[in-house]
Amino acid sequence: MHFPGKFADQLVADQLDRISLSFLVDELTIKRGGVAGNVAYALGMLGQAPVLVGAVGADFADYRSWLDRHGVDTSGVHVCEDVHTARFVCTTDDDMRQIASFYTGAMARAREIELSPVAERVGGLDLVLIGANDPEGMVRHTEECRARGYAFAADPSQQLARMEGPEIRSLVEGAAYLFTNDYEWELLLRKTGWTAEQVSEKVEIRITTLGEKGVQIVGRDGIALEVGVVPETAKVDPTGVGDAFRAGFLAGTAQGLSLERAAQLGSLVAVLVLETDGPQEWRWDRDTALTRLAGAYGPEAAAEIAPALPA
């Protein structure tokens with residue numbers, strides 16, 4: 001939903017303990033979303049072979065058909081007939097600030113899923129991205145990855161607010177990649193009690209998105225990069241922008257791009273989502289992508305990224 005105003009103007013500082021607000025919105029749209037769905041959709045659009053793993057409700061049929069048509073393997077999705085699929089209800093104001101609620105639904109059953117049968121069916125897993133999900137499920141999947149030797153990326157995002165230090169530490173240790181935004185990064189440090197240097201000892205690569213300031217990449221081997229954004233043509237909806245960056249980055253690394261070039265591809269996909277109403281409504285055009293990459297990062301960068309891009 002869209003609120004034609006600013007949330008900040010509706011808040012009375014000395015009355016927050018009695019807050020009771022209703023926002024008259026001028027727009028309501030229903031979009032496909034969810035962290036895993038958004039990332040998998042974008043990976044499919046970029047020519048990868050994503051395998052979606054999660055728990056859904058009996059209302060998933062239409063969404064499954066959509067994802068299947070866009071290159072996502074949904075055969076590993078666990079369907080729970082007695083509940084609805086998890087749902088995110090969000091209102092965005094004119095400053096692109098958001099107030100949201102999240103219904104867990106079938107997501108709570110993710111803890112019942114084992115990764116090994118999925119890996120056997122698809123012939124192995126290159127990387128398991130463990131995103132925001134049922135906290136017990138996140139911990140179980142991380143532990144299974146460590147036990148079975150599956151490379152994994154830790155992306156706890158929204159669940160950092162709910163989880164405490166021991167759980168967060170268990171999600172991060174041994175990760176090939178750690179994804180957070182800048183706020184989540186500070187929250188992770190505070191809750192785990194780790195320093196930035198200690199985190200670097202636990203993970204191979206840390207990727208911290210900085211909004212309009214781009215992304216910071218820090219590696220255990222001493223690598224330190226900052227990559228700027230692709231300039232937007234419009235700010236339509238920020239929902240799913242972080243998911244899009246992750247998909248672009250992982251598609252780039254899977255295709256052999258350097259960390260810098262992969263982050264540049266991620267930034268392009270992120271801005272395509274920012275400019276679109278809905279995290280899975282954007283479309284891919286290779287020529288336009290190369291033009292925008294060259295404009296943002298130079299022709300050499302675009303030329304190096306080009307072999308990793310689908311037609």
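Along the sequence shown, the residues carry numbers beginning at 1.
No donor-acceptor contact under 3.5 angstrom links the side chains of Arg162 and Gln159, judged on distance only. Between the side chains of Thr74 and Asp68, at least one donor N or O lies within less than 3.5 Å of an accepting N or O. Defined by atom type and a distance below 3.5 Å, a donor-acceptor pair is present between the side-chain atoms of Asp94 and His2. There is a side-chain donor-acceptor pair under 3.5 Å between Ser75 and Arg121. A donor-acceptor contact under 3.5 angstrom links the side chains of Glu275 and Thr233, judged on distance only. Defined by atom type and a distance below 3.5 Å, a donor-acceptor pair is missing between the side-chain atoms of Arg146 and Thr142. Defined by atom type and a distance below 3.5 Å, a donor-acceptor pair is present between the side-chain atoms of Thr239 and Gln98. Defined by atom type and a distance below 3.5 Å, a donor-acceptor pair is missing between the side-chain atoms of Asn181 and Thr209.
Contact check for Asp73 versus Val122: side-chain heavy atoms found under the 4.5 Å cut-off. When side chains are defined from C-beta on, Leu127 counts as touching Tyr177, because their heavy atoms get closer than 4.5 Å. Contact check for Asp237 versus Leu274: no side-chain heavy atoms found under the 4.5 Å cut-off. Looking at Leu257 and Gln264, their side chains never come closer than 4.5 Å, going by heavy atoms from C-beta outward. Using a 4.5 Å heavy-atom threshold, the side chains of Val269 and Trp282 count as touching. For the pair Gln280/Trp66, a side-chain contact is recorded, criterion being any heavy-atom separation below 4.5 Å from C-beta on. Between Val72 and Val51, every side-chain heavy-atom pair lies at or beyond the 4.5 Å cut-off. The shortest side-chain heavy-atom distance between Phe249 and Leu265 does not fall under the 4.5 Å cut-off.
A distance-only check finds a donor-acceptor pair linking the side chain of Glu144 to the backbone of Ser116 [under 3.5 Å]. Of the possible donor and acceptor atoms, none in the side chain of Trp284 sits under 3.5 Å from a partner among the backbone N and O of Ala289. A side-chain donor-acceptor contact under 3.5 Å links Asp59 to the backbone of Thr85. Within the 3.5 Å criterion, the main-chain N or O of Arg97 finds no donor-acceptor partner in the side chain of Asp95. In this structure a side-chain-to-backbone donor-acceptor pair under 3.5 Å is missing from Arg32 to Gly37. No donor-acceptor pair closer than 3.5 Å links the side chain of Thr276 to the backbone N or O of Gly278.
Atom CD1 of Ile19 sits in a crowded spot, with more than 12 heavy atoms from other residues, nucleotides or ligands closer than 6.0 Å. No more than 12 heavy atoms of other residues, nucleotides or ligands lie within 6.0 Å of CG in Leu24, so this atom counts as exposed by the packing criterion. Heavy-atom neighbours of Glu300 CD from other residues, nucleotides or ligands within 6.0 Å: at or below the threshold of 12. The 12-atom threshold is not exceeded at CZ of Arg87, counting heavy atoms of other residues, nucleotides or ligands nearer than 6.0 Å. Other residues, nucleotides and ligands place no more than 12 heavy atoms under 6.0 Å from the CG atom of Asp62. In Asp277, the CG atom is crowded: over 12 heavy atoms of neighbouring residues, nucleotides or ligands sit closer than 6.0 Å. Within 6.0 Å of OH on Tyr183 lie no more than 12 heavy atoms contributed by other residues, nucleotides or ligands.
Among all heavy-atom pairs drawn from Gly240 and Pro279, the shortest one is CA-CB, 4.0 Å. Shown here for Leu46 and Gly248, the closest heavy-atom pair between the two residues is CD1-CA, 3.8 Å. Contact record, Gly71 with Pro50: O-CD, 3.5 Å, taken as the closest heavy-atom pair. Residue Gly228 comes nearest to Ser267 through the heavy atom pair O-OG, 3.8 Å, listed as atom of the first residue, atom of the second, then distance. Between Asn38 and Gly33, the shortest heavy-atom contact is OD1-CA, 3.2 Å. When every heavy atom of Lys191 is checked against every heavy atom of Ala161, the shortest pair comes out as NZ-O, 3.0 Å.
Under a hydrophobic-cluster definition in which Ile, Leu, Val, Met, Phe, Trp and Tyr are linked whenever side-chain heavy atoms come within less than 4.5 Å, directly or via other members, Leu129 and Leu178 are assigned to different clusters. Linking ILVMFWY residues whenever their side-chain heavy atoms come closer than 4.5 Å, directly or via other members, leaves Val56 and Val53 in distinct clusters. Cluster membership for Leu43 and Val118, using ILVMFWY side-chain heavy atoms within less than 4.5 angstrom, is not shared. In the hydrophobic clustering of ILVMFWY residues, with side-chain heavy atoms under 4.5 Å counting as a link, Leu250 and Val203 come out apart. Linking ILVMFWY residues whenever their side-chain heavy atoms come closer than 4.5 Å, directly or via other members, places Leu290 and Val271 in the same cluster.
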Verdict with supporting geometry, Ser65 and Arg69, side-chain hydrogen bond (donor to acceptor under 3.5 Å, both in side chains): CA-CA 6 Å; Ser65 177; Arg69 294 197 306 272; 2.8 Å; yes
Does the pair Glu226 and Ile217 meet the rule for a side chain to side chain contact (heavy atoms under 4.5 Å, CB included), with working shown? CA-CA 6 Å; Glu226 291 195 1; Ile217 301 174; over 6 Å; no
Should Arg206 and Thr208 be marked as a side-chain hydrogen bond (donor to acceptor under 3.5 Å, both in side chains) after you check the CA-CA gap, both sets of side-chain angles, and the distance that decides it? CA-CA 6 Å; Arg206 170 172 67 85; Thr208 307; 2.7 Å; yes
Applying salt bridge (Lys or Arg N to Asp or Glu O under 4.0 Å) to Arg148 and Glu114, what does each step give before you reach the verdict? CA-CA 11 Å; Arg148 298 187 183 277; Glu114 183 179 2; 3.1 Å; yes
The test is side chain to side chain contact (heavy atoms under 4.5 Å, CB included); show your working for Phe179 and Glu184 and say whether it passes. CA-CA 9 Å; Phe179 289 100; Glu184 293 161 352; over 6 Å; no
Going through the checks in order, is the side chain to side chain contact (heavy atoms under 4.5 Å, CB included) test met by Val218 and Ile223? CA-CA 6 Å; Val218 177; Ile223 189 171; over 6 Å; no
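The ring of Phe88 has its center no closer than 6.0 angstrom to the ring center of Tyr103. Between Phe23 and Phe7, the ring centre distance stays below 6.0 Å.
Of the charged side-chain nitrogens involved, none lies within less than 4.0 Å of a carboxylate oxygen, so that Glu204 and Arg220 do not count as a salt-bridged pair. By the 4.0 Å N-to-carboxylate-O rule, Asp134 lies close enough to Arg111 to be salt-bridged with it. Salt bridge present: Asp155 and Arg246 bring a charged side-chain N and a carboxylate O closer than 4.0 Å. Salt-bridge annotation for Lys202 and Glu197: absent, with no side-chain N of the basic residue lying under 4.0 Å from a carboxylate O of the acidic one.
The CD atom of Glu136 lies 9.0 Å from the CE atom of Met163; values are rounded to the nearest 0.5 Å. In this structure, the separation between CG on Leu171 and CD1 on Ile168 is 7.5 Å, given to the nearest 0.5 Å. Summarising the geometry, atom CE belonging to Met1 is positioned 10.5 Å from atom CD belonging to Glu27; distances are rounded to the nearest 0.5 Å.
The only member of Thr180, Thr195, Val199 that meets side chain to side chain contact (heavy atoms under 4.5 Å, CB included) when paired with Leu189 is Val199.
Under the 30°/60° scheme for interplanar angles, the aromatic rings of Tyr41 and His70 are found to be tilted.
A cation-pi geometry, defined here as NZ or CZ lying under 6.0 Å from the six-membered ring centre and within 45° of its normal, does not hold between Arg190 and Trp185.
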